[in-house]
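Reading through the structure tokens given below for one structure.
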Protein chains: 2
Amino acid sequence: MTEAKRSEPKRPATGADVARIAGVSQATVSLVVTGKSEGRISDEQRDHVLKVARGLSYQPNASARSLRLGRARTIALIVPNVANPYFSSVLLGAERAARGREHAVMLLDTGSDPDWPGWVGQILATRAVDGCIVYAADPLTPGQVRVLGRHVVLVEANARGAGSVQLDIAGGIRQAMVHLIELGHRRIAHLAADFPQETFQVREATYRASLNAIGIAYRPAYVVKAPFQIEASTAAARQLLVLDQPPTAILCDDDLQAAGVYKAATALGLRIPGDLSVVGFDDIELARMLEPELTTVAIPASDVGARAVEMVLGLIDGRSARSQTIPLELRVRGSSGPPAVYR
Amino acid sequence: MTEAKRSEPKRPATGADVARIAGVSQATVSLVVTGKSEGRISDEQRDHVLKVARGLSYQPNASARSLRLGRARTIALIVPNVANPYFSSVLLGAERAARGREHAVMLLDTGSDPDWPGWVGQILATRAVDGCIVYAADPLTPGQVRVLGRHVVLVEANARGAGSVQLDIAGGIRQAMVHLIELGHRRIAHLAADFPQETFQVREATYRASLNAIGIAYRPAYVVKAPFQIEASTAAARQLLVLDQPPTAILCDDDLQAAGVYKAATALGLRIPGDLSVVGFDDIELARMLEPELTTVAIPASDVGARAVEMVLGLIDGRSARSQTIPLELRVRGSSGPPAVYR
DNA sequence: CTGAAAGCGCTAACAC
DNA sequence: GTGTTAGCGCTTTCAG
């Protein structure tokens, strides 16, 4: 008990504590623990300092360090809804990529609150983050981008004044439509998202363009909207399936909606793909749980997250980011086949 | 252009910049921007400072602030896999609760790496976080808890030396078994998780105890194991369903497994719940997407996250945390009914 | 009512 | 090789 207060787990040890006990200067401690002692500190001295540091279970204070360095090695990820499996995959990919580059991820869920940029900006400004990735379907104004900080990367939404990772939505829809058309479908309906975002407008436009391209007339009754909920999607699908001339295939804006189509079809005694082909969008895990497994346009979610991370990291390091577009890929599974008339 | 360099968006403005331009001291700026100027700074002075601050779009530096305050208003959340919908719900609840208490959430995904405590501890130590929530199925050693920092709350795993939020797993299984037994089932199988964690041992033990309680003999052939994957679960379920005396009901350790049971049943031409009752565990969104909707034991995931947040926040504020147990609730839906023999 | 000054814990020039 | 020192930007007594 002679050596000052022995164990005092109240206050974590500081570099100064280590220095005092090891009988060296604080600078030496810093050099040693950050591994920059090469050729500056003798090996015995270093080992001694290390031992003392471990003894006190010394951990450099993170705030002090990032204050000094001007870097927190943390990036923020802003998503509309983490509980959505698609976004959680993006998150997973982002977190992994960030960790691989020695960065941590701070998560902010906007809950689709339309005026999120304001309060999110507040939170970011009062947190030690070096940059942020924003997953948003709607484009942001330059002002909104600015309040988010100096290093902003947008995903899906396009933006002036920020790097962005875009998805080739039109390409994805086109592949799905070509697939259905090649199978022989001519009565193809679109179970569309009941949201105003640009991405969904693109999907609808591409759906129409694809029909147009092979001379199929667009029928307003073949386009119904539903939010991404199972009940609403089921109801909307039912509406299509009880038409006088029901579609032989339904293209959905989301895999969840496709699940609704399955339910509606089952309720009406229709078999998939025999009586009805279904194509989804996103390729979340659910797609492989449905029976039969869902043909769907896959978005490489975790890859999207990873690329966005690379992009912010680039911005932070002073490289300017060029926007990039990620291709989508149709995954053909059991839910699509030739229409009944061809069998 | 007389007023020094006009716009210089390179370096963010500091409190000193504001002070200089506003012609006041840095202390005044601090008082004003933190809203502590009441009765200390004149109203005109305050408004003036505020105007200048806004003009420079001044934001107090987060690292400096938390260095000074010793608080970062950030907590870490460590989960085995964010992409798992159950964990993402926990995350969602935690993030909301944290934000309501002015805290942000840093996310760390262990990917179920068995030696996560080491590297996670490293990351936490080098980040400005005030505490952490750990979702782990396996109990942690006191040493592992210690490296995670001073304020640790465990979810599901029990631990000495840390607060914890526990789930009443046994109660949940019991409810499910009572439900099936009351419906008249006597041949009840268990599609168990193929993982060694305590929670799964509890489930198996409770399954047996429930059978035992009403004098049903335990049949080894009625217990099969599968990981939480659709193919493996389907195969395992099939194994049960092709027995000479197949079960009339299957209790699953996870909703994903239940989805596998559906697939196996469909493949064998069995109807749910007519020929087979199925009960899941977790109540993720998938439960309501299956046809018929799945009877399952609901874990209030986002509530679990929220409670864990309250608990760490308590620890951080110096209150000692008492561990608590969250009750689970059986949600009866369409996948369970009386066995065929009773119809 | 306002300003001066100390110091949170760390890193990196720069001396010695 | 090792120590001294000067801040990073902020909050908060303490004087005036």
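In what follows, chains are A, B, ... by sequence order, proteins preceding strands, each numbered from 1.
- A:S66 comes within contact range of no nucleotide atom at all, as no heavy-atom separation falls under 4.0 Å.
- Among the atoms of the strands shown, only primed sugar atoms or phosphate atoms (P, OP1, OP2) are found under 4.0 Å from some heavy atom of A:I41.
- Counting non-hydrogen atoms under 4.0 angstrom, B:Q45 reaches the backbone sugars and phosphates but no base.
- Between A:T199 and A:Q197, the side chains place no donor N or O within less than 3.5 Å of an acceptor N or O (distance only, hydrogens not considered).
- Taking atom CZ of A:R46 as the reference point, atom P of D:dG1 lies 13 Å away to the nearest angstrom.
- Considering only side-chain atoms of B:R40, the nucleotide from D:dG9, C:dC10, C:dG3 that sits closest is C:dG3.
- In this structure, B:R20 places its CZ atom 17 Å from C1' of C:dG3, rounding to the nearest Å.
- Counting to the nearest Å, the C1' atom of D:dG7 and the CG atom of B:N61 are 14 Å from each other.
- Summarising the geometry, the separation between NZ on A:K36 and C1' on D:dG1 is reported as 18 Å, rounded to the nearest angstrom.
- Nearest nucleotide to the side chain of B:A27, out of D:dG1, D:dT12, C:dG9: D:dT12.
- Distances were taken from every side-chain heavy atom of B:L69 (C-beta onward) to each of C:dC10, D:dT12, D:dG9; the shortest belongs to D:dT12.
- Contact check, B:T28 against C:dC1: no side-chain N or O comes under 4.0 Å of OP1 or OP2.
- More than 12 non-hydrogen atoms from other residues, nucleotides or ligands lie less than 6.0 angstrom from CZ of A:R99.
- Looking at heavy-atom distances under 4.0 Å, B:R65 makes contact with sugar-phosphate atoms alone, never a base.
- Looking at heavy-atom distances under 4.0 Å, B:S63 makes no contact with the nucleic acid at all.
- A side-chain contact (heavy atoms from CB on, under 4.5 Å) with B:V32 holds for exactly one of B:L50, B:V52, B:D47; it is B:L50.
- At whole-Å resolution of the value, CD in A:Q59 and P in C:dC10 are 10 Å apart.
- Listed candidates were D:dC8, C:dC10, D:dT4. Nearest to the side chain of A:L67 is D:dC8.
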Would B:D17 and B:T14 satisfy side-chain contact (heavy atoms from CB on, under 4.5 Å), going step by step from the backbone distance to the final call? CA-CA 5 Å; B:D17 295 334; B:T14 74; 3.5 Å; yes
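- In this structure, A:S30 does not reach the C:dA12 phosphate: none of its side-chain N or O atoms is under 4.0 Å from OP1 or OP2.
- A:L31 comes within 4.0 angstrom of nothing in the nucleic acid, heavy atoms only.
- For B:D43 and A:Q26, each mapped to the nucleotide of DNA chain C holding its nearest heavy atom, the one lying further toward the 5' end belongs to B:D43.
- Distance from the side chain of B:V24 is smallest for C:dG3 among the nucleotides D:dG3, C:dG3, C:dC10.
- In the set C:dT2, D:dC10, C:dC10, C:dC10 carries the atom at the smallest distance from any side-chain atom of A:A64.
- Inter-residue side-chain proximity for A:H103 and A:L313 is flagged as met; some heavy-atom pair is nearer than 4.5 Å.
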